[in-house]
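Atom set for the values below is all heavy atoms of this structure, side chains included, hydrogens, waters and symmetry mates excluded.
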Amino acid sequence: WSLPSEHVPQVIRDLEGNFDMMFVSGIFMVGAAVWTVMYNADLLLRAVVFATGRVDKVRPVLVTAVAYPMSAKFRTGLTLTMFSLVIFTLTVMSVLTSVFGSQFTDAETVYAGWELNGSLNFNTPIDDIRATIDEMPDLRNEDFEAIGGYTWMGLQARQIDGESQKWEGTGVRAASDEFLKASQYKFKLIAEGYGTTAEEVWQALMSDPSLAVVGGHAVSSAEGSASEDSNPWLEKPYYKDEKMSAVDVEVREPRTGTLVQLKVIGVMDRLHENSGSMIVSKSILDDAMPFPVPITHYRFKVADGVDAKGLARRVESSFLEHGMDTEVLEEELEKEAAAAKTFFRIFIGFMALGLLV
């Protein structure tokens with residue numbers, strides 16, 4: 001287990017695995033280490049006695065100290081195994097806590113560079129937020145590096161040429177051009193013919209409103225892994241693929257039955273928020289829907305030197321008549337991770353207490 005996999009290709013051909021492989025290999029390595037120590041205890045004792053042989057007072061004490069545990073190797077080995085397994089479990093939990101925490105520490109990655117979120121009442125939209133800010137005594141447009149808006153809608157979707165023609169519920173973010181330009185989403189896959197960078201993908205969406213991108217959890221990780229993923233509705237491509245072709249899909253508004261045909265040209269990284277949803281240009285829903293689709297969420301990038309928390313309070317109070325509720329996205333991310341982190345820390349604390357006892 002401790003050797004690199006290329007040294008044992010004939011014995012174990014596939015060492016790929018999930019957390020179960022980490023657990024199994026750890027148990028085997030702990031057991032092997034304890035077994036090796038216990039069956040070579042006499043050799044280890046000789047080495048220690050030889051190293052301390054010049055100190056007359058230490059040698060008889062050391063020999064006496066190891067005589068009792070070595071007289072019952074099974075009992076000593078079992079005790080050592082329990083200690084080792086507890087330490088192994090603590091190590092694994094510490095690793096998992098660090099990995100889990102690292103996914104929630106980079107708010108800039110999770111929220112694609114946006115720092116503030118403002119949610120509006122559907123019935124009191126803002127027609128031109130930049131012009132409205134100019135009229136507000138407590139706000140300045142210079143305080144915002146970028147402002148983008150979108151409408152969040154719960155729609156149904158399916159892949160046109162897929163084997164299953166079942167409609168699956170999915171969230172759709174109908175975004176303004178300003179939101180698309182300023183977002184810093186990372187892409188896992190980009191369809192051939194639509195560029196190689198995120199900027200080219202967003203430019204394609206702004207030029208052709210019939211295009212769309214999906215989050216990483218809208219697709220399966222690999223072939224046959226759909227049951228392990230969180231509700232993927234696209235049958236292809238797979239998240240672990242190296243390349244993809246554009247995929248034709250349909251989305252439907254469940255209340256009116258309005259159908260919109262789209263072409264998915266990109267799969268975003270799973271680290272981003274709402275990574276099972278879809279992003280489209282707002283203009284295509286404006287044309288297709290039989291009812292107005294106002295912007296219900298605004299995202300803000302704060303200019304350098306401006307306090308995000310103070311600006312969030314001023315934005316909320318200035319747009320009070322529109323029912324705007326503002327959030328500092330970094331704080332929201334910390335709140336989401338707090339409960340899980342606390343659980344991990346309590347578990348590690350109990351394990352450490354058991355080791356002490």
Side-chain angles (χ1 to χ4, degrees), residues 102-122 125-126 128-133 136 139-153 171-188 197-203 205-206 212-218 266-282 293-319 322-338:
S102 66
Q103 297 182 359
F104 290 89
T105 53
D106 189 4
E108 184 176 356
T109 298
V110 174
Y111 295 107
W114 299 104
E115 297 171 78
L116 302 180
N117 178 71
S119 302
L120 288 172
N121 189 312
F122 189 88
I126 300 173
D128 186 340
I129 191 166
R130 284 285 188 181
T132 308
I133 288 176
M136 298 293 177
L139 297 177
R140 300 182 309 158
N141 270 306
E142 294 78 11
D143 293 337
F144 304 97
E145 183 180 326
I147 302 176
Y150 67 89
T151 301
W152 181 264
M153 301 184 68
V172 175
R173 191 179 299 186
S176 66
D177 287 351
E178 292 77 13
F179 182 88
L180 299 178
K181 288 177 185 177
S183 294
Q184 298 173 9
Y185 289 103
K186 298 179 181 178
F187 282 87
K188 179 65 172 61
T197 64
E199 289 76 13
E200 292 174 300
V201 173
W202 298 130
Q203 187 59 49
L205 259 70
M206 288 184 283
V213 298
V214 297
H217 284 294
V267 177
M268 294 180 289
D269 196 297
R270 288 181 172 179
L271 283 178
H272 296 306
E273 59 168 336
N274 300 317
S275 58
S277 62
M278 177 189 296
I279 296 180
V280 301
S281 174
K282 184 175 178 293
V293 184
I295 290 178
T296 56
H297 294 78
Y298 279 101
R299 288 288 169 88
F300 305 90
K301 286 187 180 180
V302 180
D304 292 339
V306 178
D307 177 47
K309 294 182 181 179
L311 184 59
R313 290 193 294 268
R314 297 203 305 273
V315 169
E316 184 168 316
S317 60
S318 298
F319 290 105
H322 296 276
M324 180 176 283
D325 181 24
T326 60
E327 303 165 332
V328 180
L329 293 176
E330 185 175 3
E331 293 181 350
E332 293 303 308
L333 191 64
E334 292 176 356
K335 290 179 183 178
E336 290 180 13

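A salt bridge is defined here as a Lys NZ or Arg NE, NH1 or NH2 lying under 4.0 Å from an Asp or Glu carboxylate O, and Lys181 with Glu199 fails to meet this definition. Arg299 and Glu273 are joined by a salt bridge, as a carboxylate oxygen and a charged side-chain nitrogen come within less than 4.0 angstrom of each other. Between Glu332 and Lys335 there is a salt bridge, since at least one side-chain N of the basic residue sits less than 4.0 Å from a carboxylate O of the acidic one.
By the 4.5 Å heavy-atom criterion applied to side chains, Glu115 and Val328 are not counted as neighbours. Put simply, the side chain of Val213 reaches to within 4.5 Å of the side chain of Leu205, judged on heavy atoms. At least one side-chain heavy atom of Lys186 sits under 4.5 Å from a side-chain heavy atom of His272. Taking the side chain as every heavy atom from C-beta outward, Asp128 and Arg130 approach each other to under 4.5 Å. Using a 4.5 Å heavy-atom threshold, the side chains of Val302 and Asp143 count as separate. A 4.5 Å side-chain heavy-atom check between Met324 and Val315 finds at least one atom pair inside the cut-off. Considering only heavy atoms from C-beta on, Asn117 comes within 4.5 Å of His297 through its side chain. Between Thr197 and Val201, every side-chain heavy-atom pair lies at or beyond the 4.5 Å cut-off.
Taking all atoms of both residues into account, the shortest heavy-atom contact from Ile279 to Ala175 is CG2-CB, 4.4 Å. For Gly216 against Val267, the heavy-atom pair with the smallest separation is CA-CG1, 3.8 Å. Across all non-hydrogen atoms, the minimal contact from Ser281 to Asp177 is OG-OD1, 4.3 Å. Residues Asp269 and Ser275 share a closest heavy-atom pair of O-CB, 4.3 Å. Ile295 and Ser176 get closest at one heavy-atom pair: CD1-CB, 4.5 Å. Across every non-hydrogen atom of Leu333 and Ala107, the tightest pair is CD2-CA, 3.7 Å.
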Arg173 and Asn274: CA distance, side-chain angles, deciding distance, side chain to side chain contact (heavy atoms under 4.5 Å, CB included) verdict: CA-CA 10 Å; Arg173 191 179 299 186; Asn274 300 317; 2.9 Å; yes

CA sep, side-chain torsions, deciding dist, call: Ile133, Phe319, side chain to side chain contact (heavy atoms under 4.5 Å, CB included): CA-CA 9 Å; Ile133 288 176; Phe319 290 105; 3.9 Å; yes

Step-by-step side chain to side chain contact (heavy atoms under 4.5 Å, CB included) determination, Ile129 to Ile147: CA-CA 8 Å; Ile129 191 166; Ile147 302 176; 3.8 Å; yes

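With sequence neighbours excluded, the residues forming a side-chain contact (heavy atoms from CB on, under 4.5 Å) with Glu145 are Lys301, listed by chain and number.
Centroid-to-centroid, the aromatic rings of Trp202 and Phe187 come within less than 6.0 Å.
Put simply, the residue from Tyr111, Tyr298, Trp152, Trp114 that forms a ring-ring contact (aromatic ring centres under 6.0 Å, His included) with Phe179 is Trp114.
To the nearest 0.5 Å, the span separating OG on Ser277 from CE on Met268 amounts to 6.0 Å. Note: Leu271 CG to Lys188 NZ = 12.0 Å, rounded to the nearest 0.5 Å. For the atom pair Thr296 OG1 and His322 NE2, the distance stands at 14.5 Å (nearest 0.5 Å).
Using a distance-only test at 3.5 Å, with no hydrogens or angles considered, a donor-acceptor pair links the side chain of Ser317 to the main chain of Arg314. Between the Lys282 side chain and the Val293 main chain, a donor and an acceptor come within less than 3.5 Å of each other.
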